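Below is one structure; the comments refer to it alone.
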Amino acid sequence: MASFKAGLQYIQQRSLIRDVILMAIMVNFLFTAINIGVPYVITNQLHAGNGPIGYIETGFSVGLFIGSLLMSLIPNEKYFALRVIPPIIILGLCMTFLGLLLAIVHQPFQLSLAGSLIMLVAGLTNAVMNISFSIRLQTTVPTHILGRVSSTLNTSVTAIMPIGTLIYTVLFQSQLNGALIIATSGIIMFAYVLGFLKLILNDIKIDDRFNTGQPNGH
């Protein structure tokens with residue numbers, strides 16, 4: 001318990017970590033709409049078969065791979081704000097566009113092509129954002145407390161997903177239009193992130209004093 005409290009106290013001192021956790025909890029909750037909703041909408045509401053689902057999921061995986069490769073080419077200590085803020089805004093836009101796509105387009109080929117491209121962009125930005133923040137933690141958090149900080153972050157953002165799964169399952173099984181649920185979730189994510197924008201930018205400026213660019217062993 002003492003170790004757990006020490007981790008929380010450290011996070012409280014690092015406003016960037018604290019606020020990113022608060023933002024990530026909501027983002028992961030809303031992103032559940034894609035995990036639950038896309039297969040349901042395509043198979044149950046559009047009756048377009050399983051093919052588009054596979055292509056859309058493949059697009060996201062390819063995006064993650066490309067984003068990981070790009071991160072290996074960008075210096076870790078530069079452009080942190082650009083590697084965190086725009087990607088999470090783009091993620092909300094991708095959700096919105098995917099929802100609108102499902103509402104407008106019903107042909108399997110068109111769904112597969114456009115949906116995979118949208119999710120490729122989502123996967124790419126997701127990889128850039130996650131890797132950038134992970135590097136920030138590893139290079140600025142003291143080694144003796146890094147595990148507690150990382151576990152608190154991971155637990156916080158993943159614990160919300162079962163709740164999101166439950167809520168979105170109920171929503172998608174209701175009489176509501178599933179595509180519009182996804183689009184609305186994307187709009188909420190976009191607005192939520194914009195609400196955090198000024199705060200996160202200020203947190204990054206404050207947090208730069210912790211950034212050494214090298215693993216912190218102190």
Side-chain angles (χ1 to χ4, degrees), residues 23-74 79 82-135 154 157-158 160-162 164-165 167-169 171-173 176-194:
M23 187 169 61
I25 289 173
M26 188 64 167
V27 169
N28 274 267
F29 171 80
L30 293 170
F31 199 76
T32 310
I34 288 184
N35 299 330
I36 300 297
V38 170
Y40 181 82
V41 172
I42 290 177
T43 57
N44 290 35
Q45 295 185 348
L46 302 182
H47 307 289
N50 294 323
I53 300 173
Y55 285 111
I56 289 173
E57 292 179 350
T58 299
F60 187 76
S61 299
V62 172
L64 289 174
F65 177 72
I66 295 175
S68 300
L69 288 180
L70 288 177
M71 286 305 301
S72 66
L73 303 176
I74 302 175
Y79 316 118
L82 290 177
R83 288 184 278 122
V84 173
I85 300 298
I88 201 166
I89 293 176
I90 293 173
L91 191 62
L93 291 176
C94 286
M95 269 191 75
T96 304
F97 291 149
L98 183 62
L100 294 177
L101 174 71
L102 294 172
I104 297 171
V105 179
H106 299 161
Q107 295 298 322
F109 176 76
Q110 295 174 341
L111 280 175
S112 300
L113 180 61
S116 61
L117 289 176
I118 291 173
M119 291 307 292
L120 185 148
V121 174
L124 189 154
T125 56
N126 188 65
V128 170
M129 176 181 60
N130 287 336
I131 293 175
S132 298
F133 193 70
S134 294
I135 292 175
N154 293 332
V157 299
T158 56
I160 195 66
M161 296 183 71
T165 299
I167 293 176
Y168 276 110
T169 298
L171 287 176
F172 283 112
Q173 290 180 346
L176 297 175
N177 187 308
L180 294 183
I181 293 175
I182 296 175
T184 302
S185 298
I187 293 172
I188 293 173
M189 181 188 296
F190 179 76
Y192 184 80
V193 171
L194 285 184

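Since this is a predicted model, take the numbers as computed values, not measurements. Along the sequence shown, residues are numbered consecutively beginning with 1.
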Do L102 and Q45 come within less than 4.5 Å of each other through their side chains, counting heavy atoms only?
no

Only residue of L194, I188, V193, I187 satisfying side chain to side chain contact (heavy atoms under 4.5 Å, CB included) with F190 is L194

Given side chains that start at C-beta, do those of R83 and I131 come closer than 4.5 Å, heavy atoms only?
no

Whether the side chain of Y40 engages the backbone of G178 through a donor-acceptor N/O pair (distance < 3.5 Å, no angle test) should be reported.
no

Using the side-chain contact (heavy atoms from CB on, under 4.5 Å) rule, take V128 and M71 through it: C-alpha gap first, then chi angles, then the decisive distance, then the call.
CA-CA 6 Å; V128 170; M71 286 305 301; 3.8 Å; yes

What closest approach, in Å, do T43 and I53 show between heavy atoms, and which atom pair accounts for it?
CG2-CD1, 3.4 Å

Any chance the rings of Y168 and F31 have centres within less than 6.0 Å?
no

First locate atom CG of L30, then atom CD1 of I182, and finally report the distance between them rounded to the nearest 0.5 Å.
12.0 Å

What is the minimum heavy-atom distance between I34 and P39, and which atoms define it?
O-CD, 3.8 Å

Can you give me the closest heavy-atom contact between L82 and P87, atom names plus distance?
O-CD, 3.5 Å

L111 and A48: which non-hydrogen atoms are nearest, and at how many Å?
CD1-CB, 4.1 Å

Heavy atoms, side chains only, cut-off 4.5 Å: are N35 and M161 in contact?
yes

Given N28 and T32, is the side-chain contact (heavy atoms from CB on, under 4.5 Å) satisfied, shown in steps?
CA-CA 6 Å; N28 274 267; T32 310; 5.8 Å; no

Spatial distance of atom CD1 (I89) from atom CE (M189) [nearest 0.5 Å]
12.0 Å

Counting only heavy atoms not in Y55, do more than 12 fall under 6.0 Å of its OH?
no

Between atom CD1 of I36 and atom OG of S185, what is the distance when rounded to the nearest 0.5 Å?
12.0 Å

Looking only at heavy atoms, which two atoms of A103 and L180 are closest? And how far apart?
CB-CD2, 4.5 Å

For Q110, give me all partners under side chain to side chain contact (heavy atoms under 4.5 Å, CB included), at least two apart in sequence or on another chain.
V105, Q107

Please answer whether the main-chain N or O of A122 pairs with a side-chain N or O of N126 as donor and acceptor at a distance below 3.5 Å.
no

How far apart are the closest heavy atoms of T158 and N154, and which atoms are they?
OG1-O, 2.6 Å

Heavy atoms, side chains only, cut-off 4.5 Å: are L98 and C94 in contact?
no

Got a second to check how far T96's OG1 is from L101's CG, nearest 0.5 Å?
12.5 Å

Pick one: which of V41, I42, L46 meets side chain to side chain contact (heavy atoms under 4.5 Å, CB included) with P52?
I42

